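First comes the structure, then the notes that go with it.
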Amino acid sequence: MKFYLGTILNPKSDTECGRIPSGVLVVSGAPGRAKIEDVLSIEDAQKKYGKSMRSSNTFDFRDSVILPGFFDMHFHWVQDEVRTMPKDSLLQWLERYTFPAETKFSDPEYSKKRAKIFFERLSKVGTFGGAVFSSIHEGALTAAMREAKGDFVIGNVLMTMNSPAELTQSEDAAIGLTRKLIKKYGKRLAFTPRFAISTSPRVMKEGARIADRARCFKQSHLSENRDEIEFTLKLYRGMPGFEKVKSYAEIYEQVGMLGSRALMAHGIHLSAAELKVLSKTRTAIVHCPTSNAPISERGLGSGLFDFKMTERAGVRWALGSDIGGGPVLSMFDVMQSFVEQNKRAGVKGASCIKALYRATLAGAEILGVSNHAGNFRKGKDANFLVVPRAGGESSDARDNAEKVLARIFKKGALDRDRQDSLVKLSVFRGKVLERKS
Ligand code: GUN
Ligand code: FE
């Protein structure tokens, strides 16, 4: 057994976050397979485990906060290079920067090299689960599958129309690759039409059927940007079978892309009728605040996601970084941006506790892995990170979880590009992946 001492924060819901100011996270099992054994106060730990707590297996982080590993429910691992490229409009940014960057992943050797670097960094910022977009290329997907550490579903994007020649597949090739990769990876493979603009309805329909049969996740982008929505509707209304389509969400509904294992990134400009369809089908939205943020904040300026309306409609949602639409890999940045943008807009209820829940357990719930990940409970995987407590070092006994988190977020916001330095220790299934002194 190993004992980690610190202020333990344990997200449970939008309004509840467990907090033990002088707590102990007890971990048992071999590194790589270790589980949470117990979460309790130091006094209780000394009573219960006193004899087994020795200097060799006890790690004192009483000046720090211990949090469960993150779930990033939407990002493009092949867009690491364009995170900070100039952003004006979504469709232009895709053409000018993103597509050329993704084209490089046609080279399996390049893909291997980049995957090693990217997923190592992802572990260092404490992200151990989520939903990932890769490029169209099989080699890039293989590399990501090999390097990703945690509960990830990963998909090769499918692009069969309105795309640059180098990134355009035939419909049969797209469907064939879907079959092949589902056979190879099973439920780890997510069926991933890039968005309705780039993937033909036949491919979405056949692929969604194959994915459903294998109980795989399906993911895409929905209603991110007004120009995108307008173009999508015009495009589909000109196609047989879609002449009378009323909305973007209805297009996905018609081709079978919605459902309880469906993830739709963004969902910013949705009508009440669309939210109703998402709710009825149990489709989840992935909100990516740093990607949607104003261009001056290095986002794509897509707008502010209405989490209240979404929740009122009974639609499940979680947070994502949308790398490279979002500029920063750390979920601390994503949480901070969610809180800050809503505060600025005068929207109440976007608390730090809510942000933490939506960046951890909510993602695990949506992915169906909350029985073994997402927060701290006996028997769950020992995935956690240790973050120095920011400011107020002496007053933590009186601080609540909201204040502790707010200070950490604020510290990260001061230097967005160095947020990986927030994490002092990152542990995956009991194995230490990052340690800073
Ligand atoms: N819509 C279609 N593709 C993309 C992408 O790569 N990034 C974002 N943010 N939106 C998209
Ligand atoms: Fe995206």
Side-chain angles (χ1 to χ4, degrees), residues 72-105 130-137 140 144 152-164 167-169 190-200 203-204 217-233 235-236 248-249 251-252 257 262-269 284-295 297-303 305 317-329 334 337:
D72 184 343
M73 293 296 286
H74 177 82
F75 63 95
H76 304 251
W77 86 268
V78 289
Q79 293 180 14
D80 201 30
E81 196 188 330
V82 298
R83 294 181 293 123
T84 53
M85 291 299 179
K87 291 168 186 168
D88 33 28
S89 78
L90 168 68
L91 298 177
Q92 267 178 359
W93 172 77
L94 286 175
E95 269 177 31
R96 204 169 290 164
Y97 301 106
T98 310
F99 293 157
E102 290 191 18
T103 302
K104 296 185 193 170
F105 288 84
V132 192
F133 281 49
S134 195
S135 63
I136 64 165
H137 313 98
F152 292 99
V153 296
I154 313 176
N156 51 305
V157 290
L158 302 166
M159 299 168 75
T160 60
M161 59 185 197
N162 301 306
S163 305
L167 289 179
T168 302
Q169 312 154 284
F191 174 61
T192 310
R194 180 169 211 121
F195 59 168
I197 292 176
S198 70
T199 317
S200 74
V203 170
M204 289 201 281
F217 273 83
K218 304 173 279 189
Q219 58 180 351
S220 195
H221 295 92
L222 166 65
S223 276
E224 175 176 7
N225 168 292
R226 298 225 183 257
D227 293 341
E228 172 212 10
I229 298 166
E230 197 181 313
F231 185 70
T232 305
L233 288 174
L235 178 69
Y236 274 76
Y248 201 160
I251 294 170
Y252 286 136
M257 272 300 290
L263 313 170
M264 287 290 157
H266 305 298
I268 302 177
H269 311 282
I285 292 178
V286 185
H287 168 39
C288 308
T290 52
S291 169
N292 304 157
I295 291 162
E297 290 164 30
R298 295 189 283 162
L300 287 160
S302 304
F305 173 70
W317 71 274
L319 285 168
S321 69
D322 194 26
I323 292 296
V328 177
L329 191 59
V334 175
S337 178

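Numbers here simply count residues along the sequence, with the first being 1. Heavy-atom basis, side chains included; hydrogens, waters and symmetry copies ignored. First listed ligand is number 1; within each ligand, the first listed atom is number 1. Just so it is clear, the model here is predicted, and its values are computed rather than measured.
Atoms of ligand 1 found under 4.0 Å from any heavy atom of L90, numbered from 1 in the order shown, are 8 (C), 9 (N), 10 (N), 11 (C). Atoms of ligand 1 lying under 4.0 Å from any heavy atom of D322, numbered from 1 in the order shown and given with element: 8 (C), 9 (N). Heavy-atom contacts of F195 reach the following atoms of ligand 1: 1 (N), 2 (C) (cutoff under 4.0 Å).
The N/O atoms of S291, backbone and side chain alike, include none that comes under 3.5 Å of an N/O atom in ligand 1. Ligand 1 has no nitrogen or oxygen under 3.5 angstrom from a nitrogen or oxygen of W93.
Close to ligand 1: L300, with a non-hydrogen atom less than 4.0 angstrom away.
A distance-only check finds no donor-acceptor pair linking the side chain of T103 to the backbone of A101 [under 3.5 Å]. The closest donor-acceptor contact from the side chain of Y252 to the backbone of A196 lies under 3.5 Å. Judged purely by atom type and a 3.5 angstrom limit, T199 has no side-chain atom pairing as donor or acceptor with the backbone of M204. Under a 3.5 Å cut-off, the side chain of S220 and the backbone N or O of R194 do form a donor-acceptor pair. Looking only at distances, no side-chain donor or acceptor of H74 sits under 3.5 Å from a matching main-chain atom of A318. Here the side chain of S321 pairs no donor or acceptor atom with the backbone of G326 at under 3.5 angstrom. Between the side chain of S337 and the main chain of V334, no donor-acceptor pair closer than 3.5 Å is present. Remark: side-chain polar atoms of T84 are not paired, donor with acceptor, to backbone N or O of P327 under 3.5 angstrom.
At a heavy-atom distance under 4.0 Å, no atom of I197 approaches ligand 1.
The protein heavy-atom contact nearest to atom 10 (N) of ligand 1 is E224 OE1, 2.7 Å. Protein heavy atom closest to atom 5 (C) of ligand 1, with residue, atom name and distance, is L94 CD2, 3.4 Å.
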Under the side chain to side chain donor-acceptor pair (under 3.5 Å) rule, what do T192 and Q219 come out as? Steps first, then yes or no, please. CA-CA 5 Å; T192 310; Q219 58 180 351; 3.1 Å; yes

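Ring geometry, F133 versus H76: the interplanar angle falls from 30° to 60°, so the pair is classed tilted. Using a 30° and 60° split on the angle between ring planes, H221 and H266 fall in the parallel class, below 30°.
Within a radius of less than 2.8 Å around the Fe ion (ligand 2), the protein N, O or S atoms are H74 NE2, H76 NE2, H221 NE2, D322 OD1.
Comparing E228, R194, K87 against atom 3 (N) of ligand 1, the shortest heavy-atom distance belongs to R194. If you check each of Q79, M159, E102, H221 against atom 4 (C) of ligand 1, the one with the closest non-hydrogen atom is H221.
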